[in-house]
Amino acid sequence: MTTLIPDLLYHDGAFRPGLALQADPSTGLITGIVPASQANRRSALSLPGRALLPGFVNAHSHAFQRLIRGATQWRPPDDSVSDFWTWREAMYGAVLRMSAGDVEAVSRFCFMEMLRAGITTVGEFHYVHNDEAGRPYADPAELARRVIAAAESAGIRIVLLNVCYARGGIDQPLAAEQRRFDTPDVDAFMRLTGDLADDVANRPLVSVGMAPHSVRAVPREWLRELHALAVSRDMPFHMHVSEQPAEVEACVRAFGMRPVELLHDAGVVDARFTGIHATHISDNEVRLLGGGAATVCACPGTERDLGDGMLRALDLLHAGAHIALGTDSQTIVDMLEEMRMVEYHERLRRLERVVLHERGAAGARRPGPALLHMATRAGARSLRLPAGVLEVGALADAIAVDLGHIALAGWTPATLDAMLSLCAPAEVITDVWVGGQQVVATRRHRREGELMRNFNDVARRLAGGS
Ligand SMILES: [Zn+2]
């Protein structure tokens with residue numbers, strides 16, 4: 001039994017004093033939220049000066065992309081275009097140089113960086129399947145298994161979103177530099193995904209989800225059967241959607257419909273569906289996402305880096321959609337920064353202050369609880385996990401915040417959610433538990449030095465030429 005006694009515990013949408021959290025590491029579940037006075041103090045870990053929150057859920061990640069952080073922040077002197085598509089070329093260049101061992105080492109390091117930032121679950125949108133020459137490995141799930149192993153050894157919970165990827169664009173064959181992503185046979189892909197889910201069924205930190213890459217990369221006719229498998233296996237169903245205007249225009253040209261309209265027509269926009277980005281959606285698409293109680297996963301750190309655009313967050317919430325958050329390309333790994341950008345982008349778009357609020361919340365609008373919800377419960381809902389909340393029966397994934405940190409000076413119970421979600425650096429997070437096991441203590445991961453050295457070896461060897 002693990003018992004944690006913080007000064008404040010985030011429970012029922014507010015920071016409350018005098019509560020202790022009890023967890024059973026053998027099941028990984030929270031077994032009690034009890035008055036601190038009733039907790040057995042001898043076996044408890046006292047956390048003076050700390051607030052305990054649910055761990056953050058990072059609903060969209062490509063861990064291997066951590067390798068190219070910083071390497072794409074330049075533009076040739078001839079003033080040629082630099083945008084999402086030129087960034088993608090650089091990313092492809094990096095992918096083609098990485099061995100299976102490199103993918104594993106970079107992923108493990110990235111997952112450790114996530115844990116240090118309070119992320120206890122990652123939805124890993126995994127699309128590098130084949131070897132450097134584009135041939136399937138002897139075990140076609142080799143890289144998926146390595147990424148899962150990387151998560152387990154770092155100690156983070158993972159939903160491996162296995163990506164179907166069959167073409168270079170609508171009516172375009174796969175390009176040579178996309179050869180590592182190819183899943184040419186939909187039946188083989190579904191079998192492989194089902195087998196992978198069976199194989200990890202007893203691994204406490206691991207589950208598997210379904211992820212057709214995008215309307216660009218997956219034929220329309222495949223969507224229904226991929227979705228049917230997700231329903232029959234109760235898997236999340238994630239897709240990149242409308243990140244760039246060019247993708248929307250190509251979809252309209254080919255089908256006479258915008259991407260979310262096409263997906264709705266295919267019957268996949270439902271409570272299981274998460275559309276990643278959705279930075280270029282029409283009023284009708286907002287209505288369809290809301291009507292389906294679907295999730296949109298915003299990745300504003302990546303979206304600002306790539307010049308993708310800004311989310312219509314308030315419109316989506318009002319329509320009935322949910323908003324989760326992801327670190328996507330790992331240009332930053334900081335969920336506090338991701339959550340605040342959703343609010344601040346709305347302020348910049350609307351030229352007003354204090355925009356977002358929790359659905360159904362009475363009284364004054366307060367973005368803090370809404371933003372914390374996105375980084376926790378909404379992400380867990382998107383990944384179909386009982387996480388993102390500190391209550392009995394939920395996964396015992398929690399983080400401690402240092403209430404004495406300089407950035408939080410002056411906090412009160414009424415301002416703490418706003419200080420955290422809108423003002424504080426990730427450095428305020430000191431300790432992290434996954435499934436009731438502590439994996440970060442006083443801002444240190446247990447294998448930090450080793451994972452950092454391994455990552456630096458890969459980065460040095462592969463540097464240049466991107
Ligand atoms: Zn992505």
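This chain uses plain numbering: 1 for the first residue, then up along the sequence. These values consider heavy atoms only, across backbone and side chains, with no hydrogens, waters or symmetry-generated copies. Atoms within each ligand, like the ligands themselves, are counted from 1 in listed order.
- The Zn ion (ligand 1) does not have His277 among its coordinating residues (no N/O/S atom, backbone or side chain, under 2.8 Å).
- Taking the N/O/S atoms of Asp328 in turn, the shortest distance to the Zn ion (ligand 1) belongs to OD1.
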Quick one: side chains of residues 144-151, donor-acceptor pairs under 3.5 Å with protein atoms, not counting sequence neighbours, listed by atom name and distance.
unit_1	atom_1	unit_2	atom_2	d
Arg145	NE	Asp139	OD2	2.7
Arg145	NH1	Asp199	OD2	3.1
Arg145	NH2	Asp199	OD2	3.2
Arg146	NE	Glu142	OE2	2.8
Arg146	NH1	Glu104	OE1	2.9
Arg146	NH2	Glu142	OE2	3.4

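- Judged by distance alone, with hydrogens and angles left aside, the side-chain atoms of Arg258 form no donor-acceptor pair with the main-chain N or O of Cys251 at under 3.5 Å.
- Side-chain N or O atoms of His238 include one that pairs as donor or acceptor with a backbone N or O of Ser382 at under 3.5 Å.
- For His240 atom NE2 and His60 atom NE2, the angle they make at the Zn ion (ligand 1) is roughly 90°, to 10 degrees.
- Classified by interplanar angle (parallel below 30°, tilted 30° to 60°, perpendicular above 60°), the ring pair Phe125/His240 is tilted.
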